[in-house]
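Computed from a predicted model, the values in this text were never measured in an experiment. What you see below is based on every heavy atom in this structure, not just the backbone, and it leaves out hydrogens, waters and symmetry mates.
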Amino acid sequence: MTIAPAAADLATDLVVTDPVDGTVASTVPRASESDVRAAVARARAAAGPWARTAPAERGALLRAAAEHVRTHARELADLNTRETGKVPADALGGVEAGVGTLVQYAELGPLHRGEALRGRFGTADWTVPHPRGVVLALTPWNDPVAVACGVLGAAIVSGNTVVHKGSERSPATIARLNALLAEVLPDGVLVGVDGDGATGELLLVQPGIDVYAHVGSTATGDRLSAAAVTTRAHVVRENGGNDAVVVDADVDPEWAAAQVALGAFANTGQICTSVERVYVHRDVAEPFVAALVAEAARRTASPAATYGPLVDDRLRSTVQSHVDDAVQRGASVRTGGVVPEGAGSFYPATVLTGCTDDMLVMTEETFGPVAPVRVVRDFDEGLRLAAADRYGLAATVLTNDTGHALRAAAELPVGTVKVNAVFGGAPGGSAQPRGASGAGFGYGPHLLDELTTTTVVHLEPVPARAAGDPR
């Protein structure tokens with residue numbers, strides 16, 4: 001359930017404006033300090049009974065909760081669209097993806113098992129996974145339901161209880177998701193807390209939290225890691241990315257441009273694994289850039305049903321500052337690059353050329369619809385530059401050369417290497433970000449390992465003489 005602030009210490013409300021027209025999209029009460037303490041206490045009290053619940057029963061309850069969310073998919077999608085500007089079809093797809101993730105964990109949880117170990121003859125050794133306890137889940141706004149369901153599903157099905165705070169940019173969406181799940185789950189297994197960064201800071205110092213599970217900015221992830229030095233909480237974090245794409249000389253430039261446009265402009269560039277840097281081989285650079293500019297212009301001209309705004313003016317200002325920095329350092333704007341007139345937080349799909357390694361669009365996560373292009377002399381240079389980054393979330397290579405693809409998989413210091421597709425992957429995949437992009441497996445079956453501890457058991461029989469000795 002979501003904790004409602006007490007009247008005596010009610011904090012100010014979280015007010016979100018619709019990024020399409022600037023009207024008020026939602027108003028959600030911000031939890032007070034006493035609400036935060038009560039939330040953690042509820043989850044702590046429920047942790048023991050939930051850990052002792054049979055895994056199959058936990059899985060069945062999670063599946064029932066997923067189906068309950070499914071019946072409210074349109075409601076959640078509409079809230080998401082109002083708060084973040086996510087286009088309706090994508091918002092609904094995000095809810096459906098979240099439901100699918102909950103169902104996946106409902107199936108995987110009861111199968112999560114230890115291992116038998118080979119010891120000395122006549123003895124037995126095995127491992128047993130145990131829930132860590134109380135998980136503090138901090139989740140983002142850019143795909144709020146889908147991302148939250150991954151963290152919540154894995155934590156709950158593995159026997160943990162959860163205190164969940166979503167982003168203050170999508171509070172009504174997350175409050176409703178929390179409420180729907182809590183209607184099916186036992187009391188205290190999932191407790192929602194509505195708030196902003198100050199609320200998150202307060203949660204970090206509460207006693208009784210065993211795991212910080214975070215998806216969001218690198219700055220917040222670093223703050224969690226610093227806090228864990230004192231609290232000793234286990235940290236799992238998937239943070240910002242500055243994902244590169246390397247376009248080889250042997251690919252069709254128009255196809256490559258369509259791939260890069262999808263990676264850079266989908267959800268208006270507000271995806272952790274969006275394409276943020278483009279390294280294109282000089283042999284195909286000219287037709288590639290022309291095709292990419294056409295792709296960008298087509299998206300900007302499309303209706304809001306397929307190309308939405310940025311989440312708010314604050315992010316739009318950041319995106320514009322990155323573009324302005326690039327122009328001041330010598331980049332050329334081939335299309336876009338200017339804040340449009342009118343209501344809302346819209347920003348055009350933007351292509352920059354003449355980009356250099358010192359520009360913010362190349363060194364930082366822009367998190368907007370900007371494709372900065374740097375021409376390279378060969379694949380080797382593109383691969384080297386793609387790897388030379390403090391982030392390590394994902395990267396893409398577009399190539400017909402199997403050797404180049406294998407080199408990319410071996411040499412790129414990122415959690416996911418994608419070949420010839422900017423998005424996609426098999427169901428049940430996991431990834432482990434590197435560097436400034438986080439630590440630990442943030443999703444997939446391996447997240448169950450992150451959210452449990454392992455006990456090694458060694459069993460020997462009592463020696464026969466000792467067992468029969470009457471003394």
Here the pair of heavy atoms bringing R299 nearest to A261 is NH1-CB, 3.6 Å
Using only atom types and a distance under 3.5 Å, with no angle test, would you say the side chain of S430 pairs donor to acceptor with the backbone of H446? yes
Taken to the nearest 0.5 Å, the spacing of W141 CH2 from S167 OG works out to 8.0 Å
Salt bridge or not between R237 and D222? Use side-chain N to carboxylate O under 4.0 Å. yes
Taking 4.0 angstrom as the limit, do E201 and R223 come out as a salt bridge? yes
Got a second to check how far L152's CG is from L177's CG, nearest 0.5 Å? 6.5 Å
Apply side chain to side chain donor-acceptor pair (under 3.5 Å) to T220 and S217, showing your working. CA-CA 5 Å; T220 301; S217 72; 3.0 Å; yes
Interatomic distance, CD@Q259 vs NZ@K418, rounded to 0.5 Å, equals 10.0 Å
Identify the heavy atoms of G240 and S437 that sit nearest to each other, and give their distance. O-OG, 2.6 Å
Q320 and H322: side-chain donor and acceptor closer than 3.5 Å? no
Less than 4.0 angstrom from a charged side-chain N to a carboxylate O is my criterion; do R120 and E460 meet it? yes
Is the shortest distance from a Lys or Arg side-chain nitrogen in R30 or D35 to a carboxylate oxygen in the other one below 4.0 Å? no
Reported OG1-to-CD distance for the pair T173 and E83, which is rounded to 0.5 angstrom: 4.0 Å
Between N142 and I271, which heavy-atom pair has the shortest distance, and what is it? ND2-CA, 3.8 Å
R82 and side chain to side chain contact (heavy atoms under 4.5 Å, CB included): which partner among V16, T23, V20? T23
Could you report the tightest heavy-atom contact between A175 and D194, atom names first, then the distance? CB-OD1, 3.8 Å
SB check R329 D358 (cutoff 4.0 Å): yes
Let me confirm one number: the CD-CE distance from E364 to M359, rounded to the nearest 0.5 Å. 14.5 Å
What residue pairs, at least two apart or across chains, pass salt bridge (Lys or Arg N to Asp or Glu O under 4.0 Å) with a residue in residues 103-116? R63-E107
Work out which heavy atom in G85 is nearest to a heavy atom in P19; give both atom names and the distance. N-CG, 3.4 Å
Do Y212 and T231 have side-chain N/O donor and acceptor atoms under 3.5 Å apart? yes
Minimum-distance pair of heavy atoms, taken over all atoms of D18 and A25: N-CB, 3.7 Å
For R44, all residues meeting side-chain hydrogen bond (donor to acceptor under 3.5 Å, both in side chains), sequence neighbours excluded: D210
Out of the candidates V235, N239, L136, only one should pair with H214 under the side chain to side chain contact (heavy atoms under 4.5 Å, CB included) rule; please name it. N239
Mind jotting down which residue pairs meet the side chain to side chain donor-acceptor pair (under 3.5 Å) criterion with at least one end in residues 268-277? Sequence neighbours excluded, please. R277-Y279
Would you please say whether a donor-acceptor pair under 3.5 Å links the side chains of T27 and D13? no
Exactly one of D312, D196, T84 should register a side chain to side chain donor-acceptor pair (under 3.5 Å) with R169. Which one does? D312
